[in-house]
Enquirer: 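Next up is a structure, given as structure tokens.
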Amino acid sequence: MSQPCETHQLALDRFLLQHPEVAAELNTLNPLAARAKGETLEEYRAERLHEAFEAHAEHEGLFAWELTLKLTSDSAQAFDAKRREVHKEVAQMAGLSWAEYCQLHGLTV
């Protein structure tokens, strides 16, 4: 597994601070389970952390990249602006109008 970028790593760190139960679970992983997958305990732990992060994002109705933005933005307004900017870029790359894209993803125009 590759190392997360600095922003995503910051989001992961903040996620763990906000969810001590996930941190506790990660600290008690069985090294034999990691070995059975042919991974180091550190690699196995990183995979479990990403799974928990993605599950939490989904629970909030967000993509993982959106949760990263949310956890690293200075304010709700900054998050909304960054999120909208990225979604607009994706819509453009997909060849969709902004209205079509918003409808597809349940966003407000």
Side-chain angles (χ1 to χ4, degrees):
M1 172 174 269
S2 64
Q3 292 291 342
C5 73
E6 191 174 313
T7 303
H8 186 62
Q9 185 59 55
L10 177 60
L12 291 172
D13 294 343
R14 289 180 177 174
F15 173 72
L16 285 174
L17 286 173
Q18 293 175 2
H19 300 277
E21 71 284 359
V22 174
E25 185 179 323
L26 293 173
N27 289 332
T28 60
L29 290 174
N30 186 340
L32 295 177
R35 189 177 309 156
K37 289 191 72 179
E39 299 173 347
T40 67
L41 185 56
E42 184 178 288
E43 292 167 332
Y44 188 68
R45 183 184 187 281
E47 281 187 34
R48 302 296 77 74
L49 172 55
H50 282 89
E51 288 171 358
F53 187 86
E54 290 178 12
H56 185 76
E58 186 176 319
H59 176 74
E60 287 196 15
L62 301 171
F63 293 108
W65 65 264
E66 290 174 306
L67 182 56
T68 296
L69 283 179
K70 183 177 181 180
L71 292 172
T72 58
S73 294
D74 295 331
S75 66
Q77 295 81 7
F79 165 64
D80 288 338
K82 290 178 190 177
R83 180 178 181 232
R84 183 177 281 294
E85 182 180 314
V86 173
H87 275 295
K88 283 184 177 181
E89 290 174 10
V90 173
Q92 187 177 24
M93 287 187 295
L96 295 171
S97 73
W98 180 237
E100 290 173 310
Y101 184 86
C102 287
Q103 184 178 14
L104 184 66
H105 291 284
L107 302 171
T108 56
V109 179

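Source: prediction; values computed, not measured.
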Enquirer: Is Lys37 salt-bridged to Glu43, going by a charged N under 4.0 Å from an acidic O?
Expert: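 Looking at Lys37 and Glu43, the cut-off is not met.
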Enquirer: Counting only heavy atoms not in Glu58, do more than 12 sit closer than 6.0 Å to its CD atom?
Expert: no
Enquirer: For Ala34 versus Thr40, what's the shortest heavy-atom pair and its separation?
Expert: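 The answer is CB-O, 3.8 Å.
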Enquirer: What residue pairs, at least two apart or across chains, pass ring-ring contact (aromatic ring centres under 6.0 Å, His included) with a residue in residues 16-36?
Expert: Phe15-His19, His19-His56
Enquirer: Could you give the distance from OG1 (Thr7) to CD (Gln9), rounded to the nearest 0.5 Å?
Expert: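 Going from OG1 on Thr7 over to CD on Gln9, the span is 10.5 Å.
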Enquirer: Side-chain contact test, heavy atoms from C-beta onward, threshold under 4.5 Å: evaluate it for Arg84 versus Trp98 and give yes or no.
Expert: yes
Enquirer: Taking C-beta and beyond as the side chain, do Phe53 and Leu71 meet within less than 4.5 Å on heavy atoms?
Expert: yes
Enquirer: Are side-chain heavy atoms of Glu66 and Lys70 found at a separation under 4.5 Å?
Expert: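 A side-chain contact under 4.5 Å is absent here.
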Enquirer: Please answer whether the main-chain N or O of Ala57 pairs with a side-chain N or O of Glu60 as donor and acceptor at a distance below 3.5 Å.
Expert: no
Enquirer: Any side-chain heavy atom of Arg35 sitting closer than 4.5 Å to one from Asn30?
Expert: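 A side-chain contact under 4.5 Å is absent here.
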Enquirer: Cluster question for you: counting only ILVMFWY and a side-chain heavy-atom cut-off of under 4.5 Å, with indirect links fine, are Phe79 and Leu17 together?
Expert: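 As far as the 4.5 Å side-chain criterion goes, Leu17 and Phe79 are not connected within one cluster.
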Enquirer: To check you understand the geometry: which heavy-atom pair defines the closest contact between Pro31 and Leu41, and what is its length?
Expert: CA-CD1, 4.1 Å
Enquirer: As an exercise, state the distance from CG of Asp13 to CD of Gln18, rounded to the nearest 0.5 Å.
Expert: 11.5 Å
Enquirer: Flag yes if Met93 and Val86 sit in one hydrophobic cluster, no otherwise; membership is Ile, Leu, Val, Met, Phe, Trp, Tyr, and two members link when side-chain heavy atoms are under 4.5 Å apart.
Expert: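 Yes: a chain of side-chain contacts under 4.5 Å links Met93 to Val86.
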Enquirer: Rounded at 0.5 Å granularity, tell me how far SG in Cys5 sits from NE2 in His8.
Expert: 7.0 Å
Enquirer: Do the side chains of Glu25 and Arg48 get close enough for a salt bridge, i.e. N-O under 4.0 angstrom?
Expert: no
Enquirer: Angle class for the Tyr101/His105 ring planes (parallel below 30°, perpendicular above 60°, tilted otherwise)?
Expert: tilted
Enquirer: Nearest 0.5 Å, please: how far is CD in Glu42 from CZ in Arg45?
Expert: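 Spacing of CZ (Arg45) from CD (Glu42) equals 9.0 Å.
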Enquirer: How far does CG of Leu16 sit from CG of Leu49, to the nearest 0.5 angstrom?
Expert: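 Going from CG on Leu16 over to CG on Leu49, the span is 5.0 Å.
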Enquirer: If two hydrophobic side chains count as joined below 4.5 Å and joins carry through other members, does Leu67 share a cluster with Leu10?
Expert: no
Enquirer: Return the CG to CD distance between Leu26 and Glu21, rounded to the nearest 0.5 Å.
Expert: 10.0 Å
